[in-house]
There are 2 protein chains.
Amino acid sequence: MPVTLQDIAQELNVSIATVSRALRGMPGVAESTRKLVLKAAQERGYYPNLTAQQLQRQRTNTIGFIIPTFGPRFSDPFFSELLAGIGNAAAEAEFDLLVSTVAPGKDELPGYQHLVAGRRVDGLLVVRTRRQDQRIAYLLAEEFPFVAFGRTDQELNFPYVDVDGEQGLFQVMTHLIEQGHQRIAFINAPEELMFAQYRLAGYRQALAAHGLPYDDDLVRLGGLAETDGYQAGWELFCLGEQMPTAVCTSNDLMALGVMRAARECGLQVGGDIAIAGFDDIPLAQMAHPPLTSVHQPIYQIGRLICEKLLCLLRGEELTEPQTLLLPELVVRESTDYRV
Amino acid sequence: MPVTLQDIAQELNVSIATVSRALRGMPGVAESTRKLVLKAAQERGYYPNLTAQQLQRQRTNTIGFIIPTFGPRFSDPFFSELLAGIGNAAAEAEFDLLVSTVAPGKDELPGYQHLVAGRRVDGLLVVRTRRQDQRIAYLLAEEFPFVAFGRTDQELNFPYVDVDGEQGLFQVMTHLIEQGHQRIAFINAPEELMFAQYRLAGYRQALAAHGLPYDDDLVRLGGLAETDGYQAGWELFCLGEQMPTAVCTSNDLMALGVMRAARECGLQVGGDIAIAGFDDIPLAQMAHPPLTSVHQPIYQIGRLICEKLLCLLRGEELTEPQTLLLPELVVRESTDYRV
DNA sequence: CTTGACAACGCAAACGTTTACGTATATAAT
DNA sequence: ATTATATACGTAAACGTTTGCGTTGTCAAG
């Protein structure tokens with residue numbers, strides 16, 4: 001049986017209150033008795049019951065993070081990095097991290113309600129925001145502390161960190177256009193995802209800026225998985241005359257899928273066809289050929305949203321409630337005609 | 001302010017006990033009052049305070065999972081899958097999942113003590129077991145419920161799920177040897193990791209079974225990352241006459257690194273050199289050429305260890321405390337001389 | 001009319017902390 | 001001597017539940 005304050009109090013013939021104060025270094029306890037308490041606690045291996053602390057303090061010292069899953073499984077390397085960033089930042093502040101996965105197809109709001117209404121966590125991290133994001137509307141309505149990774153279409157004011165996807169895609173496109181490409185395809189993520197909006201906007205903006213026409217046939221809606229890119233790639237490469245000379249995608253996984261399709265179509269990536277991704281996951285540089293991509297500092301973003309949330313929970317005013325990071329284009333051989 | 005049992009009790013002029021019983025469908029409350037309570041709870045949006053429940057019930061309905069990290073970051077796609085399996089199984093049983101990340105270099109035992117001694121979770125999942133695993137020794141000593149993914153060198157009896165790595169490597173080796181390879185290198189994981197032991201054993205066993213000599217130069221100790229494989233690959237390919245004609249590795253990430261090194265050395269993977277991995281992460285089939293690997297059903301393993309733990313927590317006796325899964329070799333082009 | 005059974009409910013303790021407040025003792029100031 | 005102040009501690013309420021037990025009221029059997 002775990003030892004409680006009660007046990008130590010009885011052993012030393014003092015009150016529970018004294019033991020509690022002694023252990024947490026509060027004033028109002030003689031140095032001599034504090035020593036005794038500390039010694040007894042040490043000997044019996046006392047460790048506070050965190051649940052009891054939580055109930056009393058009305059704080060859980062825990063932050064929540066619900067992982068959205070697309071498709072039957074999620075092998076998105078994205079989340080490993082993000083989770084590492086969040087987890088490490090939380091650990092440094094001595095916060096625990098409660099992670100939920102919502103099975104695909106299931107509504108995710110109940111998961112949020114469970115954590116919020118059950119007062120299971122002090123704050124939440126919301127990732128992969130959508131255009132009309134009911135999670136954010138809910139959390140704002142409940143006045144529950146949270147920080148998001150991504151923005152929304154709703155006119156709501158809330159703290160977030162995001163990477164400027166519009167700017168990111170503009171950079172990729174500019175790079176490709178400078179390489180001489182005129183027909184550039186874009187494989188986007190599901191359009192309810194907010195970042196898909198921005199990236200599409202960047203795509204169009206770049207076309208316009210360089211006087212290129214927007215062609216509906218060159219814009220595809222994918223999922224997020226490699227196979228989605230693979231499939232869209234095949235479709236594009238079967239267009240014959242209308243085939244694009246370059247393809248950019250909304251994430252790296254899909255770009256890798258396009259690369260696979262290209263190979264199967266006998267196209268040499270980097271030579272016959274240029275391919276660029278987004279995210280710059282570790283695999284991008286390991287791909288063959290290495291994939292041009294827009295770098296997102298995912299680990300750092302994880303840390304950032306977590307640290308912002310921790311500030312909120314400490315009751316501090318955020319100096320920068322909304323952070324928009326500038327992405328960085330990393331040019332590799334998949335778009336490099338030297339190959 | 002969140003509404004409590006107290007609030008509802010006052011509104012209806014009944015006792016807290018009655019409200020509690022009514023809400024949870026316990027006997028001893030008139031159907032008429034139960035209706036009233038349910039209605040009031042619904043209207044005011046009552047949701048039980050989970051922390052209070054936990055303290056009272058002396059269970060947290062939470063399981064813990066501490067992610068070990070190797071290297072500065074972890075982009076191991078392995079854990080995404082595993083986490084998805086664990087998370088979904090937990091969610092189905094209405095359990096929450098507490099995830100800790102231990103920053104590389106830091107001792108991980110305090111993290112376990114925090115969760116165990118603080119009674120923060122009801123049970124733990126231990127992954128990536130080591131030869132002398134202090135975590136397992138600790139949990140056994142505390143008689144704390146847990147299930148491991150992997151075995152240990154210690155003569156301890158505890159519930160686990162593992163994939164037979166010895167058998168797995170034996171299969172890869174047999175395949176390579178049947179392809180005519182005589183000099184086969186093996187890039188292993190850090191030897192304190194238990195699975196590294198088994199895989200090395202399988203490697204040696206296959207050599208012996210086919211009358212091939214064991215050559216120290218052909219066995220390398222890596223980390224777990226792609227760059228480790230890359231580096232070891234270079235070393236192997238610079239051996240000149242002594243160069244292996246095939247390389248197998250302890251995980252896919254390293255195999256991908258070897259592939260990259262091979263390409264840079266002007267070797268055609270699948271033709272000049274055969275390369276095989278272990279784990280069969282989703283990326284294996286997307287690699288170029290697709291990577292031969294030993295399949296581990298990681299998502300399923302996540303589910304399995306979680307479900308085993310849930311059984312333990314329900315107080316059931318495990319029908320199969322220790323599960324050893326047979327791995328399945330997936331032959332792809334990276335070891336296929338047709339290319 | 002008494003007795004017993006049973007249903008419906010309230011009381012209060014318990015889970016393990018934290019903390020506002022009260023009290024006793026000792027020391028210092030008047 | 002009295003009063004004030006500080007120190008060291010104990011008491012008890014509180015956090016929001018759950019649950020064993022006691023109490024009241026109703027109704028049927030004796």
Side-chain angles (χ1 to χ4, degrees), chain A residues 1-38 40-41 44-62 94 96 114-122, chain B residues 1-38 40-41 44-62 94 96 114-122:
Chain A
M1 274 302 95
V3 30
T4 68
L5 289 184
Q6 174 82 277
D7 299 330
I8 299 184
Q10 269 177 352
E11 176 181 332
L12 300 182
N13 275 317
V14 294
S15 73
I16 296 182
T18 300
V19 178
S20 174
R21 280 190 277 254
L23 287 176
R24 291 176 310 120
M26 304 232 73
V29 39
E31 202 50 42
S32 55
T33 59
R34 187 189 305 278
K35 285 240 172 66
L36 283 176
V37 170
L38 253 32
R44 322 229 341 207
Y46 172 78
Y47 198 97
N49 182 314
L50 299 175
T51 304
Q53 276 188 337
Q54 288 173 17
L55 180 60
Q56 156 61 34
R57 294 184 177 163
Q58 294 289 83
R59 304 179 322 197
T60 60
N61 261 246
T62 307
E94 305 209 285
D96 289 327
H114 173 73
L115 298 182
V116 171
R119 275 131 294 175
R120 197 65 226 283
V121 297
D122 295 335
Chain B
M1 274 299 98
V3 31
T4 69
L5 290 184
Q6 174 82 279
D7 299 329
I8 300 185
Q10 271 177 349
E11 177 180 332
L12 301 182
N13 275 317
V14 294
S15 75
I16 297 182
T18 300
V19 178
S20 174
R21 280 189 275 254
L23 287 175
R24 290 175 310 118
M26 306 230 72
V29 36
E31 203 50 42
S32 55
T33 61
R34 186 189 305 278
K35 285 242 173 66
L36 283 176
V37 170
L38 253 32
R44 321 234 335 209
Y46 172 79
Y47 198 95
N49 182 315
L50 298 176
T51 305
Q53 275 188 338
Q54 288 173 16
L55 180 60
Q56 156 64 32
R57 295 182 176 165
Q58 294 290 81
R59 305 178 322 201
T60 61
N61 261 247
T62 307
E94 306 210 285
D96 289 327
H114 172 74
L115 297 182
V116 172
R119 274 132 294 173
R120 196 69 226 280
V121 298
D122 295 335

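Owing to the predicted nature of the structure, the values given are computational and were not obtained by experimental measurement. The figures here come from the full heavy-atom set of this structure, side chains too, leaving out hydrogens, waters and symmetry mates.
When all heavy atoms of B:Pro2 and B:Asp7 are compared, the pair lying nearest together is O-OD2, 3.9 Å. Nearest heavy-atom pair across A:Pro48 and A:Gln53 is CB-NE2, 3.6 Å. The two residues B:Val3 and B:Tyr46 have their closest heavy-atom pair at O-CD1, 3.3 Å.
With the nearest nucleotide of DNA chain D identified for both B:Tyr46 and B:Arg21, B:Tyr46 has the one nearer the 5' end. Residue whose closest nucleotide on DNA chain C sits further toward the 5' end, between B:Ser32 and B:Arg119: B:Ser32.
A straight line from CZ of A:Arg120 to P of D:dT17 spans 14 Å, rounded to a whole angstrom. Distance A:Met26 CE to D:dT7 C1': 16 Å, rounded to the nearest Å. The distance from atom CG of B:Leu23 to atom P of D:dT17 is 9 Å, rounded to the nearest whole Å. Regarding A:Arg34, its CZ atom lies at a distance of 13 Å from the P atom of D:dT7, rounded to whole Å.
Applying the side chain to side chain donor-acceptor pair (under 3.5 Å) criterion to A:Asp122, with sequence neighbours excluded, gives A:Thr60. Looking at residues two or more places apart in sequence or on another chain, you find a side chain to side chain contact (heavy atoms under 4.5 Å, CB included) between A:Ala117 and B:Tyr47. Qualifying salt bridge (charged side-chain N to carboxylate O under 4.0 Å, His left out) partners for B:Arg57, counting only residues two or more places apart in sequence or in other chains: none. Not counting sequence neighbours, the partners of B:Arg120 by the side chain to side chain contact (heavy atoms under 4.5 Å, CB included) test are A:Leu50, A:Gln54, A:Thr62, A:Asp96, A:Arg120, B:Leu98, B:Leu115. Looking at residues two or more places apart in sequence or on another chain, you find no side chain to side chain contact (heavy atoms under 4.5 Å, CB included) involving B:Gln56. Residues that satisfy the side chain to side chain contact (heavy atoms under 4.5 Å, CB included) test with A:Gln6, not counting sequence neighbours, are A:Thr4, A:Gln10, A:Ile16. B:Arg59 is linked by a side chain to side chain donor-acceptor pair (under 3.5 Å) to nothing, counting only residues two or more places apart in sequence or in another chain.
At its two ends the helix from C:dC1-D:dG30 to C:dA29-D:dT2 runs along axes set 70° apart, each axis drawn from five pairs and the angle rounded to 10°.
Taking every nucleotide of DNA chain C with any atom under 4.0 Å from a non-hydrogen atom of chain A, the first and last of them, 5' to 3', are C:dG16 to C:dA20.
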Polar atoms only, N or O, under 3.5 Å: list the protein pairs with nucleotides 12-14 of chain D and their distances.
residue : atom : partner : partner atom : Å
D:dA14  : N3   : A:Gln56 : OE1          : 3.3

I'd like a table of donor-acceptor pairs (distance under 3.5 Å, sequence neighbours excluded) in which one partner is a side-chain atom from residues 18-34 of chain B, with atom names and distances.
residue : atom : partner : partner atom : Å
B:Thr18 : OG1  : B:Ser15 : OG           : 3.2
B:Ser20 : OG   : B:Arg24 : NH2          : 3.4
B:Thr33 : OG1  : B:Ala30 : O            : 2.9
B:Arg34 : NH1  : B:Ala22 : O            : 3.0
B:Arg34 : NH2  : B:Met26 : O            : 3.0

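Counting non-hydrogen atoms under 4.0 angstrom, B:Thr51 reaches nothing in the nucleic acid. No engagement by B:Pro27 is indicated, since no non-hydrogen atom pair under 4.0 Å with the nucleic acid exists.
Using a 4.0 Å cutoff on non-hydrogen atoms, the parts of residues 3-14 of chain B near DNA chain C are B:Asn13, B:Val14, ordered by number.
Within the model, atoms CZ of B:Arg44 and CD1 of B:Ile8 stand 6.5 Å from one another, a figure rounded to the nearest 0.5 Å.
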